[in-house]
Amino acid sequence: MKPDLQFNFYQPTRVIYGCGSVRDLSLEAKRLGVERAVVVTDQILREKTDLVGRVERALGARCAGVYDGVIPDTAVEVIDRGAAFARARGCDGLVSLGGGSSIDTAKGMAIVLTEGGSIRDHQGSQALGRRQMTHLAIPTTAGTGSEVSQYAVVKDHEAHEKMHYADDHIVPDLALLDPELTVGMPPLLTAATGLDALTHAIEAYTAINRNPMADALALAAIRLIARHLEAATTDGKNLAARGGMLIAANLAGMAFNASGVGLVHAMAHVVGARYGVHHGTANAICLPHVMRFNNDELSARYRDVALALGVDVRGLEAEAAGLQAADRVAQLNAHVGLPQRLREVGVPAEELLACAEQSLSDGAIVYNGKFAADQELVLGVYRAAY
Amino acid sequence: MFVFPSDEWARAYKEAINQSPTYKTAGKDWTFGPVALVTKADPAIGIREDVGLWLDLHQGVCRDARLCARAEAEQAPFCITGEYARWKQVMRKQLDPIQGMMQKKLELKGQMTIIVRFVAASKALVEATQSVPTKFLDE
């Protein structure tokens with residue numbers, strides 16, 4: 001253990017796991033003192049699936065309404081409208097249902113409902129100073145880990161930027177993980193969100209704020225993803241694989257909540273904001289290239305990642321083992337059918353310099369385990385991923 | 001010796017910042033407005049209410065440094081809040097301010113995405129405190 005090791009670890013979320021566990025939602029809401037909950041979700045889940053109906057039924061008389069205005073990469077207007085909707089219904093708690101965007105929308109709504117104003121007024125880090133509105137999160141994808149994290153990302157569509165919020169007071173009170181709610185997720189979304197979770201785990205394991213608590217969570221997540229991602233992608237009804245991925249994403253969320261993420265996220269946030277590239281896909285494309293970039297300084301860590309991924313690196317020097325980990329991630333991307341290059345997802349070559357410049361403003365870049373906050377360095381990685 | 005926090009300390013700090021060639025370079029692109037550093041109330045050492053240090057920073061120059069009330073500090077585009085002991089750790093270079101924000105030891109109201117681009121400037125601001133003879137209230 002490094003003698004100068006310093007960290008803090010705070011994880012207040014109750015996690016409930018199990019097939020059919022959504023049935024307990026009303027009991028959990030009652031336990032948390034919620035009498036009038038607004039469900040925060042998107043129109044697709046509401047109109048194309050029975051998930052919203054199941055949650056409404058589970059909440060029973062505690063359901064005060066459904067706000068289905070969430071869009072991918074949630075935005076200021078989405079959150080402010082949602083808060084007005086919830087306020088008009090006398091809401092005293094939020095139930096987010098969906099992927100990271102729904103959960104982040106509910107985090108933003110909780111802030112606006114507690115503090116007033118617009119979500120735009122509250123950007124910051126640990127600045128809220130008091131408990132926010134109660135939030136029960138039900139992820140229907142297995143990737144973001146937002147159900148246990150202090151972070152929310154909100155897109156400013158006018159500025160083509162993502163705004164970042166970090167606060168212990170927006171960590172959801174409950175994460176309800178029900179594998180049955182994820183069986184309808186299409187294969188590509190399963191793959192992309194799974195790679196998002198893998199990115200969280202690998203970046204948390206190598207971030208500058210890494211620590212033994214987060215390490216344990218990250219490695220456990222990587223092992224579960226190695227075991228379950230391909231099965232969950234090819235057979236969406238495989239509840240064991242779906243459950244394994246939900247737990248993995250949750251563990252990875254707790255890991256990065258404690259240690260942060262890094263350059264992969266800084267790059268992915270930019271191409272997501274500028275060109276609408278799905279966050280998990282952008283992470284998946286960038287991850288192996290960032291691992292190769294970091295490998296000279298973080299090879300011992302990547303060796304552990306390789307082992308957790310099930311790669312036989314016995315007899316290899318750390319640097320070679322680290323490269324094997326990056327190669328294995330690239331193979332996994334290919335096996336689950338994700339794009340391999342930024343050029344395949346609509347990123348223009350002539351914009352890479354601008355992307356590199358913009359990524360320097362992303363908070364994640366300073367957590368990267370190797371110094372990366374330099375335009376030329378980031379441009380090199382973008383070019384490698386192009 | 002100047003007591004931290006006090007108007008005298010703030011004036012000396014302004015001079016120290018403006019005499020720092022490192023800050024002049026590292027902060028030359030800072031055009032994002034004043035930064036307020038708030039020390040939380042600590043009656044045991046004589047700080048009865050939250051007190052702000054208003055730093056009007058612009059393009060590598062400190063145009064003004066003075067104490068202010070918490071309410072005014074919160075009007076700054078960037079308001080960083082911490083306990084007295086935390087600011088002391090910062091001034092003693094035991095806590096990097098940006099690391100402090102990332103590790104939840106200091107609270108930031110404002111855009112972290114702008115702050116993280118000025119790591120070198122923040123280090124220069126910390127370095128400038130070394131030129132201010134400081135008396136801490138708890139010593």
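Numbered from 1 within each chain, the chains take letters A, B, ... in sequence-line order.
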Return yes if a side-chain donor-acceptor contact under 3.5 Å exists between B:R117 and A:S361, otherwise no. yes
Identify which of A:D168, A:L128, A:D121, A:I365 forms the greatest number of heavy-atom pairs closer than 4.5 Å to chain B. A:D168
Rounded distance (nearest 0.5 Å) linking atom OG of A:S259 with atom OH of A:Y367: 9.5 Å
Could you pull out the closest heavy-atom pair between B:L37 and B:V35, with the gap in Å? CD2-CG1, 3.9 Å
So B:V51 and B:C68, do their side chains get closer than 4.5 Å, heavy atoms only? no
Taking the six-membered ring for Trp, are B:W30 and B:F78 closer than 6.0 Å centroid to centroid? yes
Nearest-0.5 Å distance, NZ of residue B:K28 to CZ of residue B:F118: 9.0 Å
Among the listed options A:A127, A:G129, A:S125, the residue most often paired with chain B at heavy-atom distances under 4.5 Å: A:S125
A:D167, part contacting chain B, at a heavy-atom distance under 4.5 Å: neither
Walk me through whether A:R120 and A:D156 qualify under salt bridge (charged side-chain N to carboxylate O under 4.0 Å, His left out). CA-CA 9 Å; A:R120 208 189 280 279; A:D156 183 336; 3.0 Å; yes
Would you find a donor on one side and an acceptor on the other, under 3.5 Å apart, between the side chain of B:K24 and the backbone of B:I17? no
Checking heavy-atom separations under 4.5 Å from chain B, one finds in residues 207-215 of chain A A:I208, A:N209
Please tabulate, one pair per line, all N/O donor-acceptor pairs under 3.5 Å involving side-chain atoms of residues 265-276 of chain A, not counting sequence neighbours.
residue, atom, partner, partner atom, Å
A:H265, ND1, A:E203, OE1, 2.7
A:H265, NE2, A:H200, NE2, 3.2
A:H265, NE2, A:H279, NE2, 3.4
A:H265, NE2, A:N283, ND2, 3.4
A:H269, ND1, A:H265, O, 3.1
A:H269, ND1, A:D362, OD1, 3.4
A:H269, ND1, A:D362, OD2, 2.8
A:R274, NH1, A:Q358, OE1, 2.8
A:R274, NH2, A:E351, OE1, 2.6
A:Y275, OH, A:E351, OE1, 3.4

Qualifying residues under salt bridge (charged side-chain N to carboxylate O under 4.0 Å, His left out), relative to B:D42, sequence neighbours excluded: none
Within residues 81-107 of chain B, the residues sitting under 4.5 Å from chain A by heavy atom, in sequence order, are B:Q99, B:M101, B:M102, B:Q103, B:K104, B:K105, B:L106, B:E107
Is it the case that the side chain of B:T22 and the backbone of B:A124 share a donor-acceptor pair, with hydrogens and angles ignored and the cut-off at 3.5 Å? no
